[in-house]
Every structure is written in C-alpha cells, then in structure tokens.
Amino acid sequence: MSEKKWKKTCLGAVLLIGIHAVVVGANDRAAVITEAGTVSIPRFSLPMSSYASDAAGPMLRGILTGPQMGITEKIANLRAHYDAINTARAERMKDMYPVTIEQDQIAGVRIQTVEPAGGPAREHQGKVLINLHGGAFMWGAGSGELVEAIPIAAQSGMRVITVDYRMAPEHVYPAASEDVFAVYNALLADYEPKNIGIYGCSAGGILTAQVTAWIIEHGARTPGAIGTFCGTGVDYAGDSSQLDPVFNGGTPVSKGGTALTMTRIPYFSKGSEGSRGVVPGNFPDLLEKFPPTLLLAGSRDFAASSLTVMHRRLAAVGVPSQLYLFDGLWHAFFMDAELSESQEAYRLIASFFTENLGKSER
C-alpha cells in the first residue's frame, strides 16, 4: 500500500470513530460526569450476558428472588440458612462426582478429607490440596467445605483436606490464619511443600492469600501453588464493588446502597485491616514470594476488580499467575455444579494444580 493510500485509510478510520462518538454523544449519552470522573448513570435494564449459558439467567433469578440474609442477621440464623443451601448443593454434587468423605482432626483443628472414588490418582499420590471454605468468615463450615471440595477432588484426582477454621463473631483475625497454618505445618511431615496446594472461594480466597503471607512471614516454605477465587489478597473495592448492588437489582452505593469491604466483616473488627497479613497484595516485597496463583471470578462479582488488581500486582513482581473472569456470572457462581460454567471452572482449577504442583520451589 502506498503512503498516500495508507494516510487516506487512517483518515477514514479516524473519521468513522469521530462520527460514532458524535452519534453516541448526541443520542445515547445521558450520563453526567464530574471533574473527578464520577459518572451519573440513568436507570437501565441489564440483560444477562450473551456469553453466558442458557441456564445462567434462570439460576441468577432463582438466587436473587430466593430468601436472602445479610451479615447483620443473628449468627445462628445465618449459619442455619447457608448450611441448608450448601447441604442441598453438596448432595447434588455427590451424585455428579463420586467421592469418599472422612472427618478427622489435624493439629487439633477439625478437617474433612475428600478423595475421588477409588482414591487419589497414581500420579497424585504424594500431593494434597487444602480447601478453605467461604462464608464471610462467619459461616460455611461443614457442608460449605464439601461444596468446594467435592468437584475439585473428583476432577483433579487429588486428595482434598478442608479446614474448619475459627470464625467470627466468636473469633477475630488472625484465628483462621493460625488454624490453617497449624494444619499446613502438620502436613509438611508427610508432604513436600511443592506438592501442597491451597485454594478457597470468597472468604476462603481471601484467607488463602492471608495464609500464604502468614507462611512467608513465619519463615516456612511456601506451598507449590494457590488459588484465590472470588476473593484475594487485596480488599474488595473498585468498580465491581460499586456496581454489585446494581447487578443484583438493588440500590447503587451512591444512593445509599452498601459496598462490601473488609471493614464490614466482623472477623476484621479489631483494626487489623490494611496490615501485611490481611492485604498482602498491598506489599510487593511480600507478594514477590508468593507461589504460582490462579485467580477466578464472575464479571458481576463484587470481587472482580480486586482479582484483576491482584493479578496485575503478581505479574509486576514476577509471580506466575492466571486470571479467569466468567462474563455475566455472579459471586461464587461455581457453588452450583449444574452450570456448564461451573464445570469449566472445576476443570481449570484441577488443571492448574496438576500443572503447578510438584515443580521446583520458587
């Protein structure tokens, strides 16, 4: 292409972009923007993502129109409510993913061992995954552990040990980190650190990052790989925390809606927020010692922004990391195994640990 023709082509592209901007500005842009960049968005309807499966929309509707409970409810009611939901989920998972489940204790901490039917695959005999359940550091023990462990044990062919760590309101930070660290230390008697993986969703994703920092700060050898899903080593903030109420059909934060941050979680009520052990992603010298990390969430998850930031920060200090955002999906979407996206997430998680455990330590 000649230089003259190239310039004409570029000019045409610029004109097209400019015309599009004028048309959008004239007909579609009803928002008002302040000097600081705050945009006032008019009321609108948000369809389910065209990239989501057909089952995603009806499932989201069922979740949003079903019984709801927030963290201000009585703790006994919260735990009973979510245990009933997770028990039903776990029973459905058992039909889809044959496993064996045993209850025990390690280092005085209650655990459950979940293994694929027939035991761990031969190539994974010397490996183990530690699962840290979600539930705002307030609920999720028992059935919530199984929901996160059953499909991963079956898909990966690995033994999964779930940890019933201490939670709020009875306990505050760093109780959970101490419990998981005790279990991890005990497992080091039987497993090489490079053969241990740690993962969790929501509060469990946050705790996974916190425990990794705890391990580093206490001079222990780090695990071979970790997975922080729907929660990670930085606080819930950014666009996704502001948009979350809107995605759920609620009141925007600017109009009185509530954005979830660590300061609203009772587990962090002792002024611990902002410390190295709580938000390790804010400390590059700590973050650079992290093992390979998998980050995963839905695009409508209030945690989505925090995961993208954590991923960038891991990359900046040279830590191998992978980030997957499932378009249109919500917080902890893969707790429901029937979704095709959930099954895809299980395969990604299993593949990540298969590829990263057993390698030379960083």
Side-chain angles (χ1 to χ4, degrees), residues 68-86 89 108-112 130-149 161-184 198-215 217 226-237 240-241 244 258-282 295-297 301-303 306-307 310 331-332 335:
Q68 303 289 318
M69 277 199 176
I71 61 176
T72 57
E73 298 281 346
K74 291 183 178 179
I75 190 61
N77 295 340
L78 272 172
R79 288 174 179 167
H81 172 76
Y82 286 108
D83 184 62
I85 293 172
N86 286 327
R89 286 168 166 165
V109 180
R110 288 194 298 270
I111 61 101
Q112 297 186 80
I130 300 173
N131 169 246
L132 310 178
H133 67 81
F137 292 92
M138 298 175 71
W139 65 84
S143 60
E145 301 169 34
L146 297 180
V147 166
E148 297 190 33
I161 293 176
T162 71
V163 182
D164 183 2
Y165 55 83
R166 287 173 290 168
M167 299 182 290
E170 297 90 347
H171 306 279
V172 295
Y173 176 83
S177 294
E178 292 171 341
D179 288 348
V180 180
F181 185 57
V183 171
Y184 178 78
I198 306 176
Y199 74 95
C201 178
S202 192
I206 295 172
L207 182 55
T208 295
Q210 293 176 346
V211 167
T212 303
W214 193 270
I215 290 169
E217 297 281 70
I226 63 171
T228 66
F229 315 140
C230 310
T232 189
V234 296
D235 201 353
Y236 293 131
S240 62
S241 67
D244 175 61
T258 303
L260 179 64
T261 62
M262 286 185 183
T263 57
R264 293 191 62 239
I265 300 175
Y267 178 70
F268 301 109
S269 60
K270 293 294 184 181
S272 56
E273 63 273 10
S275 68
R276 291 170 66 86
V278 173
V279 282
N282 291 349
L295 305 100
L296 186 151
D301 189 337
F302 55 78
S306 64
L307 268 76
M310 184 70 167
H331 185 68
M335 299 300 103

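Please read all numbers here as calculations on a predicted model, not as lab measurements.
Taking every heavy atom of both residues into account, Ser202 and Gly134 meet most closely at CB-CA, 4.3 Å. When all heavy atoms of Gly142 and Gln112 are compared, the closest pair comes out as O-NE2, 3.2 Å. Looking at every heavy atom in both residues, Leu78 comes nearest to Met69 through CD2-CB, 3.8 Å. Contact record, Ile75 with Pro169: CG1-CD, 3.6 Å, taken as the closest heavy-atom pair. Taking every heavy atom of both residues into account, Ala332 and Cys201 meet most closely at CB-SG, 3.7 Å. The two residues Ala203 and Ala136 make their nearest non-hydrogen contact at CB-N, 3.6 Å.
Residues forming a side chain to side chain donor-acceptor pair (under 3.5 Å) with Glu170 (at least two apart in sequence, or on another chain): Arg79. A search for ring pair (Phe, Tyr, Trp, His ring centres under 6.0 Å) contacts involving Tyr184 returns nothing, not counting sequence neighbours. Residues passing the side-chain contact (heavy atoms from CB on, under 4.5 Å) test with Ala209 are Thr228, Pro280, Phe290, sequence neighbours excluded. Every residue two or more places apart in sequence or in another chain that forms a side chain to side chain donor-acceptor pair (under 3.5 Å) with Ser143 is listed here: Asp83. For Phe137, the ring pair (Phe, Tyr, Trp, His ring centres under 6.0 Å) test picks out Tyr267, Phe268, with sequence neighbours left out. Applying the salt bridge (Lys or Arg N to Asp or Glu O under 4.0 Å) criterion to Arg166, with sequence neighbours excluded, gives Glu178, Asp179. Under the side chain to side chain donor-acceptor pair (under 3.5 Å) criterion, Thr208 pairs with no residue, sequence neighbours left out. Taking the side chain to side chain donor-acceptor pair (under 3.5 Å) definition, one finds that Glu148 meets it with Asn131, sequence neighbours left out.
Using modelled atom types, no side-chain atom of Tyr165 and backbone atom of Gly204 make a donor-acceptor pair closer than 3.5 Å. Although no hydrogens or angles enter the test, the distance criterion places no donor-acceptor pair under 3.5 Å between the side chain of Glu217 and the main chain of Trp214. Put simply, the side chain of Asp235 never gets that close to the backbone of Thr261: no donor and acceptor are under 3.5 Å apart.
Ring pair Tyr236/His331 is perpendicular by interplanar angle, where above 60° counts as perpendicular and below 30° as parallel.
A heavy-atom distance below 4.5 Å is not found between the side chains of Val211 and Ile226. Under the 4.5 Å side-chain criterion, counting only non-hydrogen atoms from C-beta, His133 is in contact with Met167. Contact annotation: the side chain of Val172 never approaches that of Pro266 to less than 4.5 Å [non-hydrogen atoms, C-beta and beyond].
None of Val180, Ile198, Leu207 except one satisfies the side-chain contact (heavy atoms from CB on, under 4.5 Å) rule with Val163; the exception is Val180.
Taking CD1 from Ile161 and CD from Glu145, the interatomic distance works out to 11.5 Å, rounded to the nearest 0.5 Å. With values rounded to the nearest 0.5 angstrom, Tyr82 atom OH is found 9.5 Å from Arg89 atom CZ. Note that the CG atom of Asp301 and the CG atom of Leu307 stand 7.5 Å from one another [nearest 0.5 Å]. Going from atom CG of Asn77 over to atom CH2 of Trp139 covers 12.0 Å, rounded to the nearest 0.5 Å. Note: Thr232 OG1 to Leu296 CG = 11.5 Å, rounded to the nearest 0.5 Å. Note that CG of Asn86 and CG of Leu146 are 9.0 Å apart. Values are rounded to the nearest 0.5 Å.
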Report task. Could you walk me through whether Ile206 and Met262 pass the side chain to side chain contact (heavy atoms under 4.5 Å, CB included) test, one step at a time? Result -> CA-CA 10 Å; Ile206 295 172; Met262 286 185 183; 3.6 Å; yes

